[in-house]
Amino acid sequence: MAVSPLHNRCIWSSPVRSSSLHRPLLVSLSARKSKSPGLVPSFRSTRRRNLCSASSSETLIGSRKEDGKHSQVVSKKEEEEDLKSWMHKNGLPPCKVVLKEKPSHNEKHRPIHYVAASEDLQVGDVAFSVPDSLVVTLKRVLGNETIAELLTTNKLSELACLALYLMYEKKQGKNSFWYPYIRELDRQRGRGQLAVESPLLWSEAELAYLTGSPTKAEVHERAEGIKREYNELDTVWFMAGSLFQQYPYDSPTEAFPFEIFKQAFVAVQSCVVHLQKVSLAQRFALVPLGPPLLAYRSNCKAMLTATNGAVQLVVDRPYKAGESIGVWCGPQPNSKLLINYGFVDEDNSYDRLVVEASLNTEDPQYQDKRMVAQRNGKLSVQAFQVNVGKEKETVFDMLPYLRLGYVSDPSEMQSVISSQGPICPVSPCMERAVLDQLADYFRTRLAGYPTTLSEDESLLADANLNPKKRVATQLIRLEKKMLHACLKVAVDLINQLPDHTVSPCPAPYAPLLK
């Protein structure tokens, strides 16, 4: 919205809201509970044999023997009955897709499968329809919607429950009905179509690629959340005892070390589908032929939908035979795409950063300012979302909040509280102080990255760049572009001030930015 800064120099006052203000969107830094099955190495006897490192990219279902000469560990019979053949044998009707493969970045790992069109497709064509009998949900796993809802509204996510189920199924090996699906998930190794694991499975040295990005802290927070879920796994064992009677194994935390569960959790996370218009016990599903065999795209509108006892995919665009088929990944920023699925979308219109502003609690007028902020739809600790392409709008949304924090004269504060309209104009020294703080904040965030934008561009031009470093560099490059755009808005506003000789007002209780 092209508003002259000279006419936008106002502070909120009464309950009257300016039509130009955006309602705040609260951003949760923890990812939405996602659910999908994870796979784990075979456990034949003692717990010691199960110990392995999640950061080593160990396979989630098989053993290290599956790396390297992978063709030797799968019999010809097993290769002949691939995932799709198994599905057809168990009720999958004729469909218009085929499984193809492409090489992994790591030549020690098996090629990655993906779903491609088996014939030319037009908009509205049903690519496939997977019957419910081949879909894994909590309703199917627990057989009781009440228990399912109780578990997932208490301390465990659907993801943890689904991962645990498939971990026990894996122990049954080829005797498990789900063996072909589990084997396929193992082959994918939770990597998705770009063949990069979630940062949740990166080493600390690899996480250093994300230095400067808030995503690094998000990864640690998510890992801590997974650990908390692991500590609650035995709850499932005791609450849904009938489910696990068929497994002659120890309780979850005895049968599976944390690192194994973490791998399974991450693998499930990369596969889970969020179904709409179904019961709570069915909303998170693992769909063979779904992700990660389908490519996630932020600009795609096709979604897996539950309909008439099946989950189907209706394509949203034409496909030529052999082309990879994509589905919408939801309105997720690139930080979530990287953590959940191991990729970054350069054309993601949902990408965003968060700037957290807060009123200073040491301010004697804190309570009055808090009241004014609340009347105008903001909180005492407010998360402002910087949406890609809309950086100017975000900066303009932040300005009244920051100006409010700079008010120091009690009589001026009373005018803000009692006035029936915005208090304008803001004093020149206050405006300069507000803009200086904002510009310094964006400069400080940019200085937190170890590389510049031009250095990022040079790195990405290297065709041999480590895949993990590539996606990390893509992410921080896009973050920097948004921060630079915000900085430009602040600097432009400073340059438009009528008197550049005015010094910023002293601000003993300036709002805080982080």
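Remember, predicted model here, so these are calculated numbers, not experimental data. Just so you know, residue 1 is the first one in the sequence shown, and it goes up from there. Below, each value reflects all heavy atoms present in this structure, side chains not excepted, and no hydrogens, waters or symmetry copies.
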Would [X] and [Y] pass as an ion pair if we require N to O under 4.0 Å?
X	Y	answer
Asp186	Arg183	no
Glu206	Lys469	no
Arg477	Glu346	yes
Arg297	Asp345	no
Asp456	Lys481	no

Is it the case that the side chain of [X] and the backbone of [Y] share a donor-acceptor pair, with hydrogens and angles ignored and the cut-off at 3.5 Å?
X	Y	answer
Ser118	Lys96	yes
Glu323	Lys320	yes
Lys369	Val407	yes
Glu229	Ser157	yes

Practice item. Could you tell me how the ring of Phe343 sits relative to the ring of Tyr296: parallel (under 30°), tilted (30 to 60°) or perpendicular (over 60°)? Key: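 Ring orientation of Phe343 relative to Tyr296: parallel.
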Practice item. Describe, in one word, how the ring planes of Phe258 and Phe261 are oriented to each other, choosing from parallel (under 30°), tilted (30 to 60°) and perpendicular (over 60°). Key: tilted
Review point. Pick one: which of Glu479, Arg445, Glu218 meets side chain to side chain donor-acceptor pair (under 3.5 Å) with Ser213?
Key: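 Considering Glu479, Arg445, Glu218, a side chain to side chain donor-acceptor pair (under 3.5 Å) with Ser213 is found only for Glu479.
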Review point. How about Tyr230 and Phe256: are their ring centroids closer than 6.0 Å?
Key: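 That pair fails the under 6.0 Å test.
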Practice item. Using distance alone, with no hydrogens and no angle criterion, decide if Gln437 and Tyr406 have a side-chain donor and acceptor under 3.5 Å apart. Key: yes
Check your understanding: Just checking, any donor-acceptor pair under 3.5 angstrom between side chains of Gln269 and Arg222?
Key ->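 Side-chain D/A pair, Gln269 to Arg222: present.
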Practice item. Run the numbers on Ser454 and Thr452 for side-chain hydrogen bond (donor to acceptor under 3.5 Å, both in side chains), then give the verdict. Key: CA-CA 5 Å; Ser454 60; Thr452 63; 3.1 Å; yes
